[in-house]
Protein chains: 2
Amino acid sequence: MTPENLLPALADYVLQHGLSDVSLRPLAKAIGTSDRMLLYHFGSKSALIAALLDYLARNYAEALDTAFPQAVAASRKECVMQVLAIVRTDPFRPFMRLWWDIIAGAASGNDAYRESAKVIAEQLLDWFEAHMPQDDPDPKQGAKLLFTLIEGALMLDVLDQGHLADAGIAAAEL
Amino acid sequence: MTPENLLPALADYVLQHGLSDVSLRPLAKAIGTSDRMLLYHFGSKSALIAALLDYLARNYAEALDTAFPQAVAASRKECVMQVLAIVRTDPFRPFMRLWWDIIAGAASGNDAYRESAKVIAEQLLDWFEAHMPQDDPDPKQGAKLLFTLIEGALMLDVLDQGHLADAGIAAAEL
DNA sequence: CTACAAGTGTAGCAGTCGCTACAATTCGAG
DNA sequence: CTCGAATTGTAGCGACTGCTACACTTGTAG
């Protein structure tokens with residue numbers, strides 16, 4: 001049993017229970033081992049978290065590609081709405097909870113969190129750029145705009161206020 | 001010494017040290033009292049946090065009005081950029097860190113956090129609507145759009161990627 | 001078979017957590 | 001002054017934290 005083999009189970013647990021309050025003993029129990037073993041494999045809790053964040057970031061891109069349809073939107077507005085519709089489905093909810101944990105950690109100065117979030121954000125931005133409407137006049141900057149909107153909308157979703165973002169986007173030119 | 005008198009000092013501490021990892025003993029020591037007293041005044045830690053969030057939400061609106069200039073932007077784009085420029089100054093940094101703590105808590109299912117964040121977000125949206133360009137064709141929906149953009153940009157700021165939001169906004173029509 | 005490294009269980013350390021029991025003090029109302 | 005309420009200090013409980021010491025069992029290479 002190598003550390004790498006443990007990562008999927010660890011990721012499952014963390015997706016379900018959050019990252020900020022995780023502690024070794026319950027985590028170990030949930031995946032059928034002991035805190036002693038997690039420390040043996042990873043050296044320390046922070047190293048475990050770092051490996052876990054790396055794993056999540058590495059696996060996020062492919063999760064995106066499998067979950068998102070290849071449909072190309074006709075307009076920027078349609079593109080945003082498509083992505084939002086998908087990202088709001090149940091399978092993505094655990095990841096969103098984790099996402100805000102990571103952002104909060106990064107905001108508090110945790111560099112490992114920030115770096116991991118950066119990787120994920122970059123991948124998402126790249127994905128966005130590749131999925132812009134074919135006739136978009138400026139896909140590169142457009143992707144940045146849509147990405148910013150999406151993140152703002154996801155934040156409002158946390159407050160059950162996603163409809164505000166929807167309304168603002170629906171009424172906009174973009 | 002009533003609980004209300006303690007709130008400003010508590011807010012100062014929390015703005016500096018974050019909300020997610022706060023514990024009673026260091027908090028009490030920092031404001032010159034004891035954990036025993038905090039519990040005496042507030043009943044429990046969660047009640048203290050609730051009172052603190054309420055206090056922060058109540059005081060946020062006036063902080064907005066004193067910190068933001070009354071200048072009216074000529075366009076939506078200019079409006080966003082003005083707000084971003086101010087919200088990115090040093091005095092606002094502690095609040096931003098706290099903000100993402102609250103969002104992460106809300107995302108993890110903490111209803112007190114979510115309600116407090118909702119109040120703050122509502123106030124910010126109202127403020128936005130009142131400060132839209134005078135000739136804006138649809139200030140109500142426009143404010144929602146700009147608010148969404150601002151929150152997305154602030155999230156990217158956490159990752160030192162605010163420039164992405166800036167570029168996207170700069171190139172957009174809005 | 002031997003020897004050595006990898007892996008694992010048990011027990012525990014030193015620390016922190018929210019919270020409470022108990023007692024002491026302070027203070028204003030009668 | 002007297003009595004009861006409000007306030008505060010001390011000490012500690014039971015639970016949890018990351019982590020480690022020590023012993024033990026494996027598995028494998030020579």
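In what follows, every heavy atom counts, from backbone to side chain, and hydrogens, waters and symmetry copies are set aside. Residue numbers begin at 1 in each chain, while the letters A, B, ... track the order of the sequences.
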Worksheet item: Can you check the A:Leu24 CG to C:dT16 P distance for me, whole Å?
Response: 18 Å
Discussion item. So does B:Tyr113 get a backbone contact from the side chain of B:Ser116, meaning a donor-acceptor N/O pair under 3.5 Å?
Written reply: no
Worksheet item: Do B:Arg58 and B:Asp54 touch side chain to side chain, with heavy atoms closer than 4.5 Å?
Response: yes
Worksheet item: Whole-Å distance between C:dC19 P and B:Ile49 CD1?
Response: 10 Å
Output one line per pair: protein atom, nucleotide atom from nucleotides 21-24 of chain D, and distance, for all N/O pairs under 3.5 Å.
from   : atom 1 : to      : atom 2 : distance (Å)
D:dA21 : N6     : A:Arg36 : NE     : 3.3

Response to the item:
By side-chain contact (heavy atoms from CB on, under 4.5 Å), A:Ser44 pairs with (sequence neighbours left out) A:Ser46, A:Ala47
Worksheet item: Is there any salt bridge (charged side-chain N to carboxylate O under 4.0 Å, His left out) pair reaching into residues 14-33 of chain B, and which pairs are they, with sequence neighbours excluded?
Response: B:Arg25-B:Asp35
Please output the side-chain donor-acceptor pairs of residues 156-174 of chain B that fall under 3.5 Å, not counting sequence neighbours, one pair per line with the distance.
from     : atom 1 : to       : atom 2 : distance (Å)
B:Asp157 : OD1    : B:Arg88  : NE     : 3.3
B:Asp157 : OD1    : B:Arg88  : NH2    : 3.1
B:Asp157 : OD2    : B:Arg88  : NE     : 2.8
B:Gln161 : OE1    : B:His163 : NE2    : 2.8
B:Asp166 : OD1    : B:Arg88  : NH1    : 3.1
B:Asp166 : OD1    : B:Arg88  : NH2    : 3.1
B:Asp166 : OD2    : B:Arg88  : NH1    : 3.2

Fill in: Student check: side-chain heavy atoms of A:Phe128 and A:Gln123 closer than 4.5 Å
no
Practice prompt. State whether B:His41 places a side-chain N or O below 4.0 Å from either non-bridging phosphate oxygen (OP1 or OP2) of D:dT8.
Written response: yes
Item to complete: With the side chain counted from C-beta on, respond yes when B:Leu146 and B:Val83 share a heavy-atom pair under 4.5 Å apart, and no when they do not.
Response: no
Response to the item:
Whole-Å distance, B:Phe42 CZ to C:dC19 P, equals 13 Å
Item to complete: Take atom CE of A:Met37 and atom C1' of C:dA11, then tell me their distance rounded to the nearest Å.
Response: 14 Å
Worksheet entry | Main-chain N/O of B:Leu19 paired with B:Asp101 side-chain donor or acceptor, under 3.5 Å | yes
Discussion item. Is any side-chain heavy atom of B:Phe42 closer than 4.5 Å to one of B:Leu6?
Written reply: yes
Worksheet item: Looking at D:dT20, D:dT8, C:dG18, which one has an atom nearest to any side-chain atom of A:Leu39?
Response: D:dT20
Under 3.5 Å between N/O atoms: give me all the protein pairs with nucleotides 12-16 of chain D, atom names plus distance.
from   : atom 1 : to      : atom 2 : distance (Å)
D:dG12 : O6     : B:Arg25 : NH1    : 3.3

Response to the item:
Under the rule of Watson-Crick or G-U wobble with both distances under 3.5 Å, where | means paired to another strand and [ ] a crossing pair, DNA chain C maps to ||||||||||||||||||||||||||||||
Worksheet item: Could you give the CG-to-P distance, from A:Asp21 to C:dC17, as a whole number of Å?
Response: 14 Å
Response to the item:
Separation of D:dG9 atom P from B:Leu38 atom CG, nearest Å, is 11 Å
Worksheet item: Quick one: does A:Asn110's side chain have a donor or acceptor within less than 3.5 Å of a partner on A:Gly105's backbone?
Response: no
Worksheet item: Could you give the OH-to-P distance, from A:Tyr40 to C:dT10, as a whole number of Å?
Response: 17 Å
Discussion item. Could you check whether any side-chain N or O of A:Arg97 sits under 3.5 Å from a backbone N or O of A:Gln16, counting only pairs where one atom can act as donor and the other as acceptor?
Written reply: yes
Worksheet item: So what does A:Ser44 hit on the nucleic acid, given a heavy-atom distance under 4.0 Å: a base, only sugar-phosphate, or nothing?
Response: sugar-phosphate
